[in-house]
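Beneath this line is the structure, given in structure tokens, with notes to follow.
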Amino acid sequence: MVRAKEKDAMATSLEESRQQLLASAAEMVDRHEGGSAELLLTRYYRHMLTEDLLARRSEDLLGAVVSHRSLAHERPVGMPKVRVFTPSVEQEGWSTGNTVIEIVTDDMPFLVDSVSAELARQGRVLHLMVHPQMVVRRDAAGVLQEVLDRDVADAPEEFGITTESWMHLQIGRESDPAERERLAGSLLQILEDVRLSVEDWPRMAARASAVAEQLRDDPPVGIDAERVGQVRGLLEWMATDQFTFLGYRQYRLVEKDGRPAQIPISGTGLGLLRHDGPSETVDSIDRVSFLPPGPVADKAAEKRLEVITKANSRSTVHRSAYLDYVGIKTFDAAGEVTGEHRFLGLFTASAYTWSVKTVPYLSEKVASIIERSGFAPDSHLGKDLLGVLETYPRDELFQADVGVLTDTAVAVVHLREQRRTRLFLRQDEYNRFMSCLVYLPRDRYTTPVRLRMEALLKEAFNGANVEYTTRVSESSLARLHFVVRVEPGESLPAVDVEELQRRLIDTTRSWDEDLADSARGEYGEEQGSRLVSKYRHGFPEGYKADFTPRIAVADLRHLEELTEEGQFRLNLYQPTSAPQGSAGSSCTGAAGSP
């Protein structure tokens with residue numbers, strides 16, 4: 001009870017200090033255009049942590065608010081405003097020691113995520129973010145008249161009253177004016193991308209529903225009815241807030257100058273693809289409409305209803321992940337491909353947590369995998385297989401075909417009993433990235449092991465970059481999923497999978513494990529195991545750094561041959577990489593020797 005009272009008293013004291021600080025800042029000005037300074041300060045810093053607030057001077061708190069309000073003074077409807085500068089006491093009358101970013105824009109989803117992701121992409125370190133949502137009154141010209149003391153949920157529905165996001169961010173000091181200007185321009189583009197996506201989201205979801213309805217009423221010729229039902233279910237599910245729609249456009253597939261081309265149908269673009277222009281493909285956004293020869297052109301005319309993959313472009317909205325690409329092809333009366341409905345976006349977080357048995361399109365895949373495996377669904381192996389699929393990388397389940405998924409999942413079920421490292425590869429249909437699943441005993445997984453694997457896979461596939469996710473649970477196996485991407489326009493090289501797997505296994509092995517193998521290889525299972533058991537704790541880390549396990553085995557043989565206390569032996573040898581005429585040495589001694 002006493003502690004509870006002390007906590008209450010401390011909280012009250014902090015709140016009083018907070019109010020006093022804001023009041024002190026407000027007293028620095030007698031009057032603030034459009035309302036009292038104290039009201040503006042209170043609304044502005046409403047959600048800032050008290051300890052962060054108390055760590056700052058009242059004049060700096062006031063200076064930031066006055067500066068931000070100056071930026072917000074005039075703003076045309078729908079137009080964001082961004083300013084990047086480094087305030088100083090000499091020029092602005094306040095300072096933070098950092099470069100400040102001020103943003104004023106209409107309040108909408110994804111603003112914080114999108115701006116933060118852009119700063120991270122540019123390598124900017126974010127030190128502070130203040131993000132008040134302001135209910136304001138503006139006149140017809142967009143001039144700020146008043147900041148209301150109202151929450152967003154209570155904003156009156158009156159002409160001129162809108163809800164705005166005022167974002168104050170502090171990043172590492174940037175002294176170059178040109179760089180600050182460039183940063184402001186990139187943030188303006190991000191805000192525009194957010195606006196386009198949010199405004200058109202309902203229409204993009206409606207398009208997904210309309211395409212699903214069209215598949216139901218007029219299924220394409222030559223496509224299996226079961227597959228049509230799966231794709232229709234996927235589209236309907238995506239439209240129920242399971243997919244963050246960021247772009248949509250319809251395309252027509254034609255032959256142009258003897259080459260296949262995808263022509264955007266004018267007026268169909270929404271979101272990031274709202275403005276008509278050059279076609280984007282799975283390779284990139286806004287590239288020429290001619291399809292590059294190879295997999296991209298071949299797949300465009302393939303008589304397959306859906307294309308689910310990853311684009312080569314990262315999302316500028318919500319989170320910096322590679323865009324999910326869902327293409328639904330259109331067909332003529334003869335069953336020939338005529339074009340495509342293209343949806344770009346991101347599967348939502350909930351789409352990754354639903355059971356695979358309840359996600360349309362995936363549930364049918366899972367049923368096929370279980371059937372192909374030959375495992376009875378209620379058997380021990382059947383339940384293990386379902387467990388593997390529930391935790392399988394969800395993007396892989398969407399993109400990989402049933403045959404590949406079945407082979408990999410069944411192998412993983414059996415792998416749980418074997419405690420060994422296995423590599424499973426899946427090449428992207430468009431030859432742009434390699435998906436690498438690595439399963440290894442959980443106790444072998446460490447960050448250095450992961451880094452060695454990443455470097456090895458990047459080298460093997462001539463990768464431009466590598467993404468990874470890790471799953472370490474109560475299972476005996478840890479799972480690493482690497483996605484190795486090549487430069488746009490490059491192709492994945494052919495590799496010796498068995499050799500690559502052997503090299504991956506080597507990255508997980510410890511010096512002690514190699515010692516045990518070397519000893520058993522030299523002396524046989526029984527004698528080798530006896531030597532390792534006797535001496536395995538006798539090698540200091542410095543020795544392990546200087547000598548290989550094979551040399552250690554030779555030293556153990558010398559040590560075993562010593563019979564008298566105080567006896568020692570010097571061994572001269574030539575390392576494989578040593579220059580001609582040089583030699584190395586090791587010294588062994590019996591117990592009690594100096």
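The first residue in the sequence is number 1, and the count goes up from there.
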Pair Arg426 + Glu396, salt bridge at N-O below 4.0 Å: yes

Between Glu306 and Arg227, does any side-chain N to carboxylate O distance fall below 4.0 Å? yes

Cationic N near anionic O, under 4.0 Å, Glu429 to Arg304: yes

Atom of Val228, atom of Leu305 and distance for their closest heavy-atom approach: CA-CD2, 3.9 Å

How many angstroms lie between atom CG of Leu246 and atom CG of Leu196, to the nearest 0.5 angstrom? 10.5 Å

Does any non-hydrogen side-chain atom of Val125 lie less than 4.5 Å from one of Ile171? no

Establish, for the pair Arg207 and Phe343, whether the NZ or CZ atom is under 6.0 angstrom from the six-membered ring centre and no further than 45 degrees off its axis. no

Between Lys458 (side chain) and Val466 (backbone), is there a donor-acceptor pair under 3.5 Å? no

Is it true that a side-chain atom of Ser197 and a backbone atom of Gly271 form a donor plus acceptor pair closer than 3.5 Å? no

Side-chain contact, heavy-atom cut-off 4.5 Å: Arg479 with Thr470? no

Ignoring hydrogens and geometry, is there a side-chain-to-backbone donor-acceptor pair from Asp324 to Phe347 under 3.5 Å? yes

Are any side-chain N or O atoms of Arg485 and backbone N or O atoms of Asn465, one a donor and one an acceptor, separated by less than 3.5 Å? no

Give a yes or no answer on whether the side chain of Thr240 reaches the backbone of Trp237 with a donor-acceptor pair at less than 3.5 Å. yes

Give a yes or no on this: more than 12 heavy atoms of other residues, nucleotides or ligands lie within 6.0 Å of atom CD of Glu499. yes

Counting only N and O atoms by type, is there a donor-acceptor contact under 3.5 Å from the side chain of Arg422 to the main-chain atoms of Ala411? no

Say whether, by atom type as modelled, one donor and one acceptor occur between the side chain of Arg372 and the main chain of Thr406 under 3.5 angstrom. no

Determine, for Glu498 against Arg502, whether the closest basic-nitrogen to carboxylate-oxygen distance falls under 4.0 angstrom. no

Whether Arg314 and Glu467 form a salt bridge (side-chain N of Lys/Arg under 4.0 Å from carboxylate O of Asp/Glu) is what I want to check. yes

Using a 6.0 Å distance limit plus a 45 degree cone around the ring axis, check whether Arg342 lies over the aromatic ring of Tyr325. no

Using a strict threshold of under 4.0 Å (side-chain N to carboxylate O), is an ion pair present between Lys357 and Glu390? no

Between Ser379 (side chain) and Phe375 (backbone), is there a donor-acceptor pair under 3.5 Å? no

Report the distance from atom CD1 of Ile308 to atom CD1 of Ile328, rounding to the nearest 0.5 Å. 6.5 Å

Could you check whether atom OH of Tyr468 has more than 12 heavy atoms from other residues, nucleotides or ligands sitting under 6.0 Å from it? no

Gap between atom CD1 of Ile369 and atom CG of Leu397 - 0.5 Å precision: 6.5 Å

Salt bridge check, Asp395 against Lys310: does any charged N sit closer than 4.0 Å to a carboxylate O? yes

Can you say whether the rings of Phe424 and Tyr439 are parallel (under 30°), tilted (30 to 60°) or perpendicular (over 60°)? perpendicular

Show, in sequence, the C-alpha distance, side-chain angles and deciding distance for Leu423 and Phe482, and conclude whether the side-chain contact (heavy atoms from CB on, under 4.5 Å) test is met. CA-CA 11 Å; Leu423 168 66; Phe482 299 96; over 6 Å; no

Ser116 side chain vs Asp113 backbone, donor-acceptor pair below 3.5 Å: no

Residue pair Met434 / Asp428, side-chain heavy-atom distance below 4.5 Å: no

Taking the side chain as C-beta and beyond, is there a heavy-atom pair between Cys436 and His481 under 4.5 Å? no

Stepwise side-chain contact (heavy atoms from CB on, under 4.5 Å) test for Trp201 and Thr244: CA-CA 8 Å; Trp201 186 338; Thr244 303; 4.1 Å; yes

Kindly assign one of parallel, tilted or perpendicular to the pair Tyr248 and His341, based on the angle between their ring planes and the thresholds 30° and 60°. parallel

Is a donor on one side and an acceptor on the other found under 3.5 Å between the side chain of Arg121 and the backbone of Ser320? no

Any heavy-atom pair between the side chains of Asp200 and Arg274 that's under 4.5 Å? yes

Measuring only between side-chain heavy atoms, which start at C-beta, is Thr316 closer than 4.5 Å to Gln189? no

Would you give the length of the straight line joining atom CG of Leu272 to atom CD of Glu192, rounded to the nearest 0.5 angstrom? 10.0 Å

Decide, yes or no, whether a salt bridge links Arg503 with Glu459 under the criterion of side-chain N to carboxylate O below 4.0 Å. yes

Run the salt-bridge test on Lys303 and Glu336 with the 4.0 Å N-O cut-off and return the result as yes or no. yes

How close do Ala208 and Leu235 get, counting heavy atoms only, and between which atoms? O-CB, 3.8 Å

Look up atom OG1 in Thr348 and atom CE in Met238, then write down how far apart they are to the nearest 0.5 Å. 10.0 Å

Side chains of Val484 and Ser435, heavy atoms from C-beta outward: is any pair under 4.5 Å? no

What I'd like to find out is whether the side chain of Arg195 reaches to under 4.5 Å of the side chain of Thr105, using heavy atoms alone. no

So, Tyr322 versus Phe433, ring centres under 6.0 angstrom or not? no

Quick check for you: to the nearest 0.5 Å, what is the distance between Ile265 atom CD1 and Arg249 atom CZ? 10.5 Å

So, for Ala460 and Val495, which heavy atoms are closest and what is the spacing to 0.1 Å? O-CG1, 3.5 Å

